[in-house]
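First comes the structure, then the notes that go with it.
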There are 2 protein chains.
Amino acid sequence: MESEELRNVGLKVTTPRLKILGLLEKATARHMTAESIYRQLTESGEVIGLATVYRALAQFEAAGLITRHHFEGGQTVYELERGPHHDHIVCVRCGRVEEFYDKVIEDRQREIATKLGFNLSDHALTLYGECSGPDCAGKKKQG
Amino acid sequence: MESEELRNVGLKVTTPRLKILGLLEKATARHMTAESIYRQLTESGEVIGLATVYRALAQFEAAGLITRHHFEGGQTVYELERGPHHDHIVCVRCGRVEEFYDKVIEDRQREIATKLGFNLSDHALTLYGECSGPDCAGKKKQG
DNA sequence: CCGATTATGATAATTATTCTCACGTGAAAA
DNA sequence: TTTTCACGTGAGAATAATTATCATAATCGG
């Protein structure tokens with residue numbers, strides 16, 4: 001359960017935290033902004049402060065429960081850290097986000113870092129392009 | 001000359017634009033923020049508005065003269081688009097930025113995009129780690 | 001050199017995020 | 001259970017980065 005997750009990382013189990021984690025858990029929204037989380041909760045009747053959302057997200061990230069991404073031309077988005085690591089490809093036209101994992105690239109990154117004298121701790125790889133999804137062609141960035 | 005560059009991309013040749021381009025041209029500052037450009041120009045006696053710096057940078061980027069990067073935990077930085085494409089590795093301790101190019105990764109990205117049905121137009125790859133530079137060990141993020 | 005167009009500097013406005021603070025709540029201990 | 005109190009919370013102020021506004025000024029084709 002979500003309460004477990006919170007306890008495991010040393011965070012008190014509170015209503016706002018559970019609500020936010022619960023929202024991120026719904027597969028319907030793999031990548032959400034602080035704003036959209038706040039909006040969805042508020043619209044479904046919850047009373048929560050935007051600051052609380054930001055606070056919780058920062059804590060979740062520090063605890064490794066979620067990951068933060070900053071895609072071009074958009075706000076910062078958060079996603080649950082579930083399953084294996086992956087990178088993203090974003091459609092510059094409709095905003096759709098797909099995930100992928102490529103071992104060749106991952107290995108290569110480590111080699112490069114080593115060669116340059118860095119101890120690799122993280123990386124951010126995002127591809128941008130136009131997708132061929134059925135809803136894409138005319139669609140705008142999202143609202 | 002810099003005036004040429006501006007004319008070539010259809011921008012009027014103005015003093016602020018020349019100054020900014022000139023600053024970026026100096027190899028001493030491969031990656032600069034809008035703020036640092038503004039500060040350096042102001043400190044060397046120029047009279048320029050911060051808004052003008054942002055405007056010029058946006059235009060230069062649109063024209064392909066410069067590239068914009070948004071590294072974790074820092075402001076947006078700009079660099080001259082000179083020479084071949086490259087990606088970055090950033091030291092999370094001292095903020096030093098190194099550049100690298102890896103054909104294997106580049107090729108792989110294109111293949112991945114194609115496989116996922118995207119027409120790749122751009123990508124952002126940044127590695128993060130701790131460097132072993134002589135000035136690093138104790139140094140802080142930069143001031 | 002002139003005038004229409006575009007750029008500029010100063011500053012107000014916006015946007016995203018963080019801080020402040022009085023009050024509320026979770027959970028360890030009694 | 002109740003108590004206790006460190007920690008969490010909501011509301012709104014504060015900050016930081018960036019963008020818009022607007023009156024003035026500079027560019028450049030004719």
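Model, not experiment: these values are computed from the prediction. Throughout, a chain's letter reflects where its sequence line sits, starting with A, and its residues are numbered from 1.
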Carboxylate-amine/guanidinium proximity below 4.0 Å for A:E106 and A:K103:
no

So does A:E5 pair up with A:R82, basic N to acidic O under 4.0 Å?
yes

For [X] and [N], give me the distance from atom [atom1] to atom [atom2], rounded to whole Å.
X	N	atom1	atom2	value
A:L57	C:dA16	CG	P	15 Å
A:Q75	C:dT14	CD	C1'	13 Å
B:I37	D:dA17	CD1	P	14 Å
A:E2	C:dG26	CD	P	16 Å
B:R68	D:dT19	CZ	C1'	13 Å
A:L18	C:dT25	CG	P	15 Å
B:Y54	C:dA13	OH	C1'	15 Å
B:E35	D:dT19	CD	P	13 Å

Hey, does B:T76 reach any base, or is it just sugar-phosphate, or nothing, if we go heavy atoms under 4.0 Å?
sugar-phosphate

Roughly how far apart are A:D107 CG and A:I105 CD1, rounded to 0.5 Å?
10.5 Å

Separation between CG (A:L127) and SG (A:C91), nearest 0.5 Å, reads 12.5 Å

When the nearest nucleotide of DNA chain D is assigned to B:V13 and to B:A58 on a heavy-atom basis, which residue is associated with the more 5' position?
B:A58

Output one line per pair: protein atom, nucleotide atom from nucleotides 6-13 of chain D, and distance, for all N/O pairs under 3.5 Å.
from: D:dG8; atom 1: OP1; to: A:R17; atom 2: NH2; distance (Å): 2.9
from: D:dT9; atom 1: OP1; to: A:T14; atom 2: OG1; distance (Å): 2.5
from: D:dG10; atom 1: OP1; to: A:V47; atom 2: O; distance (Å): 3.0
from: D:dG10; atom 1: OP2; to: A:G49; atom 2: N; distance (Å): 3.3
from: D:dG10; atom 1: OP2; to: A:T52; atom 2: OG1; distance (Å): 2.1
from: D:dG10; atom 1: N7; to: A:R55; atom 2: NH2; distance (Å): 2.9
from: D:dG10; atom 1: O6; to: A:R55; atom 2: NH1; distance (Å): 3.3

Taking A:R17 for its side chain and A:K12 for its backbone only, find out whether a donor-acceptor pair lies under 3.5 Å.
yes

With a 3.5 Å cut-off and no angle check, do the side chains of B:R55 and B:T52 form a donor-acceptor pair?
yes

